[in-house]
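In what follows, every chain begins at residue 1, and chains take the letters A, B, ... in the order their sequences are listed. Every value quoted in this text rests on a predicted model; they were computed, and no experiment measured them.
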Amino acid sequence: MSTITYREAIVRAQREALAADPRVILMGEDIGAAGGPFKTTEGLFEEFGPLRVRDTPISENAFVGAAMGMALTGYRPVIELMFADFMGVCFDQIVNSIAKHRFMCGGKVAVPVTIRAMGGGGVRFGAQHSQTGETWVYQFPGLKVFCPASPADAYLMLRQAIDDPDPVIVLEHKAMMAMKGEIQTDAGRWPAQRPQVVRPGRDVTLVASLAMVRRAMAAADALAAQGIQAEVIDLRVLRPLVAEPIIDSVTRTGALVVVEENHESGGWGAEIVARALTAAFDYIDKPPVRVTLPDWPMPYSPALEDAAVPSVQKIVDAVLAQH
Amino acid sequence: MQLSRDQLLRAYRQMKTIREFEERLHVEIQTGEIPGFTHLYSGQEAVAVGVCEHLTEEDWIASTHRGHGHCIAKGCDVPGMMLEIYGRRDGLCKGKGGSMHIADMTKGMLGANAIVGGGPPIAVGAALACKVRKNGRVAVAFGGDGSSNQGTVFEAMNLAVVLQAPAIFVFEHNGYSEHTGADYAVGSKDIAGRARGFGMPAEVCDGADFFSVYEAMGRAVERARAGGGPTTIEPKITRFFGHFEGDPMLYRAKDEVARQRESMDCLKNFRARVTAEGWLADADLDRIDAQVLELIDRSVASARTAAPPTAADLLTDVYVSY
């Protein structure tokens, strides 16, 4: 165990993967000598050189597609997409080629690509640089989607993604880069790839991902002061989505609130609510509630952005209204 | 660039196999036994073969929706391809890919991509892998004049130049982007010129002449293997069928294809050249014709009666582990 930041955890995972496996190659914009726009490849260019840590032109379609070509021919490319919003630029390569190629080949090939994309609001970057990308990619068979909400997960999920024989999108959150925490480097002690209860409680189940996990935890503290014991679940892995830990929790608490940094329509929260209602209808006492972004683009002004992103108070209010 | 007798025989066999495969599909599609839609390569055979005769199984190609010819030229199993197109369980991709998604990594065939312009970035990645390994191998991205208008292709060409990757872009300029003329859709009218604008050598060749394509590809592949970076080849060609089977081709003059079948048939051109030069005799080629017809007959007969996949096959082959 050692205590490092979320950003340092990302760097460390890549450094260890590069050192462990010569097939691992990093590609992206400004990731070389510049160390990455968020310093998530800091020092790696110096340590591993330009053949392993490769700067690309601003051509997401080309280098994401090239990553697939490298993966098909024996490498394990790790792509940094800078902003998750840029998945929109290379969506075709991700969903039409990388996600489907193995299936279209009758299972005869593997596409071990890792795509790191940094998303989320809270940093005043406006409508084209604040999306998490979660709901863009979580519905596609062929992809795996990891959402690290702590330094521990930022480290282990990236290690797991790079080792995975299938394509994995790791959605990192910009607002969490300085978050400190302990990481577990012993792979034998890593948790399973499924949602995790990060705070036990008996009255309501709060399911959150990425930066919303911390807010849900803060909301749970506030609710405890009012006598409501909230159980907080970190969703962690969007695909494959393992609903059992959530269904188990809702079966015990009888109430479900999902908190996500995505638009309400078609957010993963709708999927969670549907699965919970289908599996635990007889145990759910209160109408499930979704705390989300409005169905509206992310604004720039701090006053507006703060009004858009689910706040601790909004989560508390949603739970109190439900109860 | 003189080819041996065996090389000439092989090139002819490959072109003839593609032609008969496609002409037979054109007939069999009328029966309704072949699912989906199909884009035939008839008329363009000299391009696929002129290119792939320079490649080994360790070199890579990325293909397109009009990909049967590339697959055959790269060595994919012909009966296995027919089974795939019929949607059979024993098809090359277990019936999950179909006409537009045939791949065989053991032959260096990365896959046919049904998104126009989807393949070149992938080919550049394979080329980069070859460069990193320093193994002298190359990757070829096939595309048409339509794909030359895609941003993905521009990006891939620039990336190949930046990386000095051993990539070769082959733009089969058959005159039509689906149903729209290239004279309308290709703004500069000059695909090779665009490639030069990205900083790579480019040349136009005659896509109906195997030797013209073969020689252009020879220069490109030699450059790539020697570490000289990417090249573009623009073979001018036509297609003998529509964009897809069933396309009424209202955008072409009524007698256009009939005229082109006379004047732009690579098989006729090849036969005329090799017999006139005394390299091969008509009897050599006639023997191949008969063997190819037998192969296609056998492939169709086997595909027509082969078993389809079962419902249990549906939920497999997406992930290695899940």
Side-chain angles (χ1 to χ4, degrees), chain A residues 22-23 25 27 50-52 54-75 77 79 89-93 95-113 140-144 163-168 193 239-240 242, chain B residues 60 62 84 89 91-98 100-106 108 110-115 117-133 137 139 150-160 162-163 165 167 309 313 315-322:
Chain A
R23 298 172 302 169
I25 284 186
M27 291 200 291
L51 296 181
R52 306 282 310 279
R54 193 180 284 276
D55 279 322
T56 65
I58 302 174
S59 303
E60 287 83 359
N61 264 309
F63 66 76
V64 171
M68 171 164 157
M70 294 198 82
L72 285 173
T73 56
Y75 285 90
I79 295 298
V89 180
C90 50
F91 205 55
D92 173 61
Q93 290 293 337
V95 308
N96 284 324
S97 287
I98 289 173
K100 295 177 173 60
H101 198 61
R102 178 176 167 82
F103 181 73
M104 294 192 299
C105 292
K108 294 180 181 175
V109 304
V111 190
V113 173
F140 291 101
L143 300 176
K144 296 177 182 176
D163 284 345
D164 202 295
D166 292 308
V168 182
Q193 287 178 0
R239 175 172 277 276
V242 180
Chain B
W60 303 102
E84 185 63 29
R89 188 166 199 255
L92 263 188
C93 301
K94 302 186 194 170
K96 290 175 174 176
M100 294 193 286
H101 301 293
I102 295 174
D104 187 348
M105 294 293 288
T106 66
L110 290 165
N113 201 311
I115 305 297
I122 298 165
V124 171
L128 177 58
C130 297
K131 181 186 165 97
V132 173
R133 286 198 175 95
R137 298 303 171 194
Q150 279 280 35
T152 46
V153 177
F154 296 164
E155 290 187 24
M157 293 170 87
N158 180 62
L159 185 63
V162 168
L163 300 173
D313 296 320
L315 299 180
T316 60
D317 298 327
V318 172
Y319 294 94
V320 177
S321 68
Y322 194 63

Against chain A, label B:Ile102 side chain, backbone, both or neither, depending on which of its atoms sit under 4.5 Å from a heavy atom there.
neither

Counting heavy-atom pairs under 4.5 Å with chain B, which one of A:Gly106, A:Cys90, A:Ser59 comes out on top?
A:Gly106

Okay, B:Thr106 and chain A: the region with an atom under 4.5 Å from a heavy atom over there is neither

Please find the pair of heavy atoms, one from A:Pro141 and one from B:Val318, that lie closest to each other, and give the distance.
C-CG1, 4.0 Å

Nearest heavy atoms of B:Tyr319 and A:Phe140, plus distance in Å:
OH-O, 3.9 Å

How many angstroms lie between atom NZ of B:Lys96 and atom CZ of A:Arg102, to the nearest 0.5 angstrom?
9.5 Å

Intermediate values then yes/no, side-chain contact (heavy atoms from CB on, under 4.5 Å), A:Tyr75 and B:Val132:
CA-CA 10 Å; A:Tyr75 285 90; B:Val132 173; 3.3 Å; yes

Largest heavy-atom contact set with chain B, pairs under 4.5 Å, which of A:Ala71, A:Cys105, A:Gly74:
A:Cys105

Chain B interface, residue from A:Asn61, A:Asn96, A:Val64, A:Val109 that has the most non-hydrogen pairs under 4.5 Å:
A:Asn61

If you measure from CG on B:Asp317 to CE on A:Met104, what distance do you get to the nearest 0.5 Å?
12.5 Å

Between CG on residue B:Asn113 and CE on residue A:Met68, distance to nearest 0.5 Å:
7.0 Å

Main-chain N/O of B:Leu92 paired to A:Lys108 side chain as donor or acceptor, under 3.5 Å
yes

Sort out for me which of A:Asp166, A:Leu72, A:Val111, A:Thr56 touches chain B most, counting heavy-atom pairs under 4.5 Å.
A:Asp166

Chain A heavy atoms under 4.5 Å from B:Leu110: which part of the residue, side chain, backbone, both or neither?
both

Once you round to the nearest 0.5 Å, how far does CZ of A:Arg54 lie from CG of B:Leu128?
4.5 Å

Shortest non-hydrogen contact from B:Ala156 toward A:Ala62
N-CB, 3.8 Å

Heavy-atom pairs under 4.5 Å with chain A: which of B:Thr316, B:Asn158, B:Val124, B:Thr152 has the most?
B:Thr152

Using the rule given for side-chain contact (heavy atoms from CB on, under 4.5 Å), can you reason through A:Ser97 versus B:Ile115, listing the C-alpha separation, both sets of side-chain angles and the distance that settles it, and then say yes or no?
CA-CA 9 Å; A:Ser97 287; B:Ile115 305 297; 5.6 Å; no

When A:Lys144, A:Arg239, A:Gln193 are each screened for side chain to side chain donor-acceptor pair (under 3.5 Å) with B:Tyr322, the one that passes is A:Arg239

Identify the two heavy atoms, one from B:Val162 and one from A:Pro57, that lie closest to each other, and give their separation to 0.1 Å.
CG2-CG, 4.1 Å

Heavy-atom pair of closest approach, residues A:Gln93 and B:Pro121:
NE2-CG, 3.6 Å

A:Leu143, A:Ile98, A:Asp164: which one forms the most heavy-atom pairs within less than 4.5 Å of chain B?
A:Leu143

